[in-house]
Each structure stands twice: as C-alpha cells, then as structure tokens.
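Each remark here refers to the structure printed beneath this line.
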Amino acid sequence: MAIWKQPTDLDRINGWSRGTMMETLGIHFIGIGDDWLRGTMPVDHRTQQPFGLLHGGASVVLAETLGSTASLLTLDVDKQVAVGLDINANHVRGVRGGVVTGTAKALHLGRTTQVWEIRIEEETGKLVCLSRLTMAVIASPGGAPGNLRA
C-alpha cells in the first residue's frame, strides 16, 4: 500500500528543484514506488572535493533532498509540512566519477516525527553512503506554496 498523500508525478517533483541547490548539483528524481523515492546526482566538478572524490557534503545534500521530499509527499501540505531535525551519514566508499543513486525509504512515519533511511550507491551497486534523516512534522505555516500543491 502506497504511503503517499500527494501525486507522485516525477515531472512535478523534479520541478520543485528549479532554481535551487538541487538543480545546481544536478540532482534528479528518477523513480518512486509504494514506499520509496529514488534520485541521482552526478559525480563531477560540482560535487567533488579537491582530491577528485565525491564530497561527503554532496552525499548529505542528496540524502536530505530525497528524504525530505519523500517526507513531504506523505503529508497534506495544506495542513502539515516536514522540516529536517537531524541527519547523519556514514561514508563507506569513495567515488571519483559517474553517477550516484540514492533511495529513501521510511523507517518510521509518526504523527510528529518521521525517520528515513537513504542508501546511496555507485553505478555498480556498491554502497557509497548510508544516511538516516529525522524529520519533524509541523503545522503548515499558512498553507502550501503554489508549486507544492497537487
């Protein structure tokens, strides 16, 4: 059974990134299932640190983007929104190029908090980063912006 309370059209969801850090870093949502959201990010000059490896901060941006977007999709944004409360990331493998893919999956969907696990893998499927994101569910301040409405 799907956990989403909003339409899951990927074009719509990708449109939320226009003019944001996600667009700058090349993050793109590529898939959604009943309880997961998937996106990619290139490993290039925008996301590498000086030694040519994927910057850990870029991995965290991808993780938070996937988890917070997934969290938002589980809510009626006219009534509630989700804001980041805590994120951690274990960087387990270096990547020098290509594309990494992250998948966010809910571990807990509570009334006031949500916990998401985000696995980031390189192109051969090897784990690059494992992240956990905790979101606080709060009352929507004045309703959802127009670009978040269905």
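Given the structure is predicted, the values throughout are model-derived calculations rather than measurements.
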Answer whether the closest heavy-atom distance between the side chains of S17 and F29 falls below 4.5 Å.
yes
Student check: side-chain heavy atoms of T47 and M41 closer than 4.5 Å
yes
M22 with W16, same ILVMFWY side-chain cluster at under 4.5 Å:
yes
Using modelled atom types only, decide if a donor and an acceptor are shared between the side chain of S131 and the backbone of I118 within a distance under 3.5 Å.
no
Same cluster (ILVMFWY, side-chain, under 4.5 Å), I30 and W36
no
Does the side chain of I138 reach to within under 4.5 Å of the side chain of Q80, using non-hydrogen atoms?
no
Sorted by first residue and then second, give each salt bridge (charged side-chain N to carboxylate O under 4.0 Å, His left out) pair with at least one member in residues 15-29; sequence neighbours left out.
none
Considering residues at least two apart in sequence or located in another chain, which fulfil the side-chain hydrogen bond (donor to acceptor under 3.5 Å, both in side chains) criterion with D35?
K105
side-chain contact (heavy atoms from CB on, under 4.5 Å) with R96: which residues, sequence neighbours excluded?
L53
Cluster question for you: counting only ILVMFWY and a side-chain heavy-atom cut-off of under 4.5 Å, with indirect links fine, are M135 and M21 together?
yes
Measure the shortest side-chain to side-chain distance between I32 and W4 over non-hydrogen atoms and say whether it is less than 4.5 angstrom.
yes
Return the set of residues passing salt bridge (Lys or Arg N to Asp or Glu O under 4.0 Å) with R132 (not counting sequence neighbours), or none when no residue passes.
none
Distance-only check: which donor-acceptor pairs under 3.5 Å involve side-chain atoms of residues 59-72, not counting sequence neighbours?
| unit_1 | atom_1 | unit_2 | atom_2 | d |
| --- | --- | --- | --- | --- |
| T65 | OG1 | V61 | O | 2.7 |
| S68 | OG | E64 | O | 2.6 |
| T69 | OG1 | T65 | O | 2.7 |
| S71 | OG | Q114 | OE1 | 2.6 |

With I120 as reference, evaluate L127, V100, L130 under the side-chain contact (heavy atoms from CB on, under 4.5 Å) test and give the passing residue.
V100
So CZ of R93 and CD of E122: to nearest 0.5 Å the spacing works out to 6.0 Å
With a 4.5 Å limit on heavy-atom distance, are the side chains of L73 and K5 in contact?
no
So salt bridge (charged side-chain N to carboxylate O under 4.0 Å, His left out) across residues 42-56, not counting sequence neighbours, yields D44-R46
Any side-chain heavy-atom pair from C129 and H91 closer than 4.5 angstrom?
yes
Joint cluster assignment, V77 & L109, ILVMFWY side-chain distance < 4.5 Å
yes
If you link ILVMFWY side chains whenever their heavy atoms are less than 4.5 Å apart, which other residues fall into the same cluster as L75? By chain and number, please.
V137
What residues, two or more places apart in sequence or in another chain, satisfy side-chain hydrogen bond (donor to acceptor under 3.5 Å, both in side chains) together with T103?
R38
ILVMFWY cluster, L25 and I87 together (side-chain gap under 4.5 Å)
yes
Determine whether L85 and L133 make a side-chain contact, defined as any pair of heavy atoms from C-beta on separated by less than 4.5 Å.
no
How would you list, by chain and number, every residue that makes a side-chain hydrogen bond (donor to acceptor under 3.5 Å, both in side chains) with T112, sequence neighbours excluded?
none
By side-chain hydrogen bond (donor to acceptor under 3.5 Å, both in side chains), which residues pair with R119, not counting sequence neighbours?
none
Taken in chain and number order and not counting sequence neighbours, the residues that satisfy side-chain contact (heavy atoms from CB on, under 4.5 Å) with T113 are H108
Sort out for me which residue in N14, L10, T8, D9 forms a side-chain contact (heavy atoms from CB on, under 4.5 Å) with R12.
D9
Can you list the residues that meet the salt bridge (Lys or Arg N to Asp or Glu O under 4.0 Å) rule with D86, with sequence neighbours excluded?
none
